[in-house]
Amino acid sequence: MPVLNQYLILSAILFSIGTAGVFLRRNLITILLSIEIMLNAVNLTFVAFGRALGSADGQIIVFFVMTVAAAEAAVGLAIVIGLFRHRESLNPDSFTALKW
Amino acid sequence: MGSESALFHLFGAIAIIASLLVIAQKNPIYSVLLLIASFGALSGLYVLLDAPFVAVIQIIVYAGAIMVLFLFVVMLLNAPHEDTEHDLEVHPLLRGGPLRAGALLAAALFVELTWALTKGGGESGGFPGAAVTSVAAIGRSLFTDYAFAFEVTSILILVAMVGAVVLARREPGTK
């Protein structure tokens with residue numbers, strides 16, 4: 001039977017992959033997807049700890065995290081669409097001006 | 001018990017490999033589809049953790065709704081590649097310069113996270129106690145102890161919806 005530590009290490013691996021995606025990629029869509037990977041890694045931690053503590057709070061917090069992730073995806077993608085309309089580019093390096 | 005461990009390793013391997021491929025794809029459409037595979041594996045892990053409610057909303061909300069939103073935007077923008085000049089010859093993960101520092105930072109973060117997360121209670125094998133698996137218990141807790149947070153969540157969704165509509169709208173003067 002898998003122990004808590006295995007779930008936590010898996011979650012750490014997934015979170016690091018998400019961070020690496022944000023650091024390494026220069027595409028706004030992929031960066032948003034990497035943020036989703038990180039959110040899911042944290043969700044896994046919440047559920048694993050909730051299971052270890054025998055409480056429902058972990059699952060309830062995951063519910064809220066998913067809601068925030070949905071809101072973040074909607075607003076983030078709307079911003080991406082707006083940026084793409086202005087610059088015809090998804091590279092964050094082309095959005096360095098504060099005003100256009 | 002042995003099959004549970006095997007399933008954990010199977011789902012964990014799928015999640016890690018799919019996530020790695022997500023950040024290694026040049027085309028965002030493949031990234032989105034691979035991320036759906038990763039979410040499916042995570043959903044299996046939630047089942048192993050006796051959390052069927054989370055497993056189901058992982059599939060319905062994440063794989064079903066959020067990823068479809070991503071896919072929709074990727075197809076709407078129709079901009080498959082990173083548009084740096086040497087994107088076509090160099091793989092996005094193999095570029096030199098400061099990006100190597102990013103990879104090092106991610107590796108350092110992994111070491112720190114592993115150390116911090118596994119510091120306490122490492123010797124506890126398995127999970128003691130009973131799990132809260134019933135949706136009724138989760139719902140009761142959600143609508144009593146967390147009722148305020150739940151209502152705030154509805155306002156958050158409303159604000160996000162209005163914000164997305166306003167942000168993605170074409171300004172009347174431009175075409």
Side-chain angles (χ1 to χ4, degrees), chain A residues 1-21 23-27 29-30 32-34 36-37 40 43-45 47-48 50-52 54-57 59-60 62-64 66-71 73-75 77-82 84 89-91, chain B residues 1 4-5 8 12 15-16 19-20 22-23 28 31-32 35 42 45-46 49-51 53-54 57 61 66 69 73-74 77 79 82-84 92-93 99 102-103 105-106 109-110 113-114 117-118 122 124-127 129-132 137-138 141-142 146 149 153 156-157 160 163-164 167-168:
Chain A
M1 183 158 178
V3 296
L4 178 61
N5 272 355
Q6 287 177 286
Y7 285 101
L8 296 180
I9 290 171
L10 175 63
S11 161
I13 293 172
L14 288 177
F15 193 92
S16 309
I17 292 172
T19 324
F23 285 151
L24 298 176
R25 295 303 304 268
R26 297 271 68 90
N27 182 325
I29 302 269
T30 315
L32 281 175
L33 290 175
S34 303
E36 298 292 333
I37 295 176
N40 271 280
N43 279 352
L44 184 62
T45 315
V47 176
R51 175 68 188 85
S55 106
D57 291 354
Q59 299 182 46
I60 288 167
V62 166
F63 175 81
F64 290 128
M66 281 189 187
T67 321
V68 173
V75 174
L77 288 171
I79 291 173
V80 167
I81 291 175
F84 187 78
S89 163
L90 284 178
N91 190 342
Chain B
M1 290 303 172
E4 205 167 317
S5 187
F8 170 80
I16 290 171
S19 302
L20 276 175
V22 165
I23 67 168
S31 291
V32 174
L35 196 55
L42 275 170
L45 286 172
Y46 293 147
L49 280 168
D50 297 324
F53 173 67
V54 178
I57 61 171
V61 176
I66 299 182
L69 187 64
V73 169
V74 170
L77 294 184
E82 299 192 17
D83 43 15
T84 50
L93 286 184
L99 289 178
L105 275 176
L109 181 72
F110 168 64
L113 276 177
T114 311
L117 283 173
T118 58
S124 62
F127 291 115
V132 181
I138 294 168
S141 183
L142 190 60
Y146 294 91
T153 297
L156 174 75
I157 292 285
L167 281 169

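Sequence lines set the chain letters: A, B, ... in the order given, protein chains first and strands last, and positions in each chain run from 1.
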Given a strict heavy-atom distance threshold of 4.5 Å, which part of B:A51 is in contact with chain A: side chain, backbone, both, or neither?
both
Applying side-chain contact (heavy atoms from CB on, under 4.5 Å) to B:L156 and A:V68, what does each step give before you reach the verdict?
CA-CA 8 Å; B:L156 174 75; A:V68 173; 3.8 Å; yes
Nearest 0.5 Å please: distance from the CD1 atom of B:I16 over to the CD1 atom of A:I17.
6.0 Å
Between the CD1 atom in B:I57 and the CE atom in A:M66, the distance rounded to the nearest 0.5 Å is 4.5 Å
Using a cut-off of under 4.5 Å for heavy-atom pairs, which of B:V61, B:V32, B:I66 has the most such pairs with chain A?
B:I66
Taking every heavy-atom pair that is under 4.5 Å apart, which of B:L109, B:L142, B:V22, B:T114 has the most such pairs with chain A?
B:L142
Region of B:L35 in contact with chain A, defined by heavy-atom distances below 4.5 Å
side chain
Tell me whether the rings of A:Y7 and B:F8 are parallel (<30°), tilted (30 to 60°) or perpendicular (>60°).
perpendicular
Where on B:I138 is there a heavy atom nearer than 4.5 Å to chain A: the side chain, the backbone, both, or neither?
both
Looking at A:L33, A:L10, A:I37, which makes the most heavy-atom pairs under 4.5 Å with chain B?
A:L33
CG-CG distance between A:L77 and B:L77, expressed to the nearest 0.5 angstrom
8.5 Å
Under 3.5 Å, side chain of A:R25 to main-chain N/O of B:I23, donor-acceptor pair present?
yes
Passing candidate, side-chain contact (heavy atoms from CB on, under 4.5 Å) with B:V54, options A:L44, A:N43, A:V47, A:I60:
A:V47
Of all heavy-atom pairs between B:L113 and A:A12, which one has the smallest distance, and what is that distance?
CB-CB, 3.8 Å
Tell me the closest heavy-atom pair linking A:A71 and B:A160, and the distance in Å.
CB-CB, 3.5 Å
Checking A:S11 now: which residues fulfil side chain to side chain donor-acceptor pair (under 3.5 Å) with it, not counting sequence neighbours?
A:T45
Nearest atoms (heavy-atom pairs only) where B:A149 meets A:F64
CB-CZ, 3.6 Å
Go through the atoms of A:S34 and report whether side chain, backbone, both or neither lie under 4.5 Å from a heavy atom of chain B.
side chain
Distance col, row A:Q59:CD vs B:S141:OG, nearest 0.5 angstrom, shows 10.0 Å
Counting only heavy atoms closer than 4.5 Å, note whether A:I81 contacts chain B via side chain, backbone, both or neither.
both
If I measure from the heavy atoms of chain B, does A:I9 come under 4.5 Å with its side chain, its backbone, both, or neither?
both
Specify which of A:I13, A:T67, A:V75, A:V80 makes the most heavy-atom pairs with chain B at under 4.5 Å.
A:I13
Nearest heavy-atom approach of A:L14 to B:S19 is CD2-OG, 3.4 Å
Quick one: what part of A:V62 sits under 4.5 Å from any heavy atom of chain B, side chain, backbone, both or neither?
side chain
In this structure, CG of A:L32 is separated from OG of B:S31 (nearest 0.5 Å) by 12.0 Å
Residue list, side chain to side chain donor-acceptor pair (under 3.5 Å) with A:N40, at least two apart or on another chain
B:Q58
How far does OH of B:Y146 sit from CZ of A:F63, to the nearest 0.5 angstrom?
12.5 Å
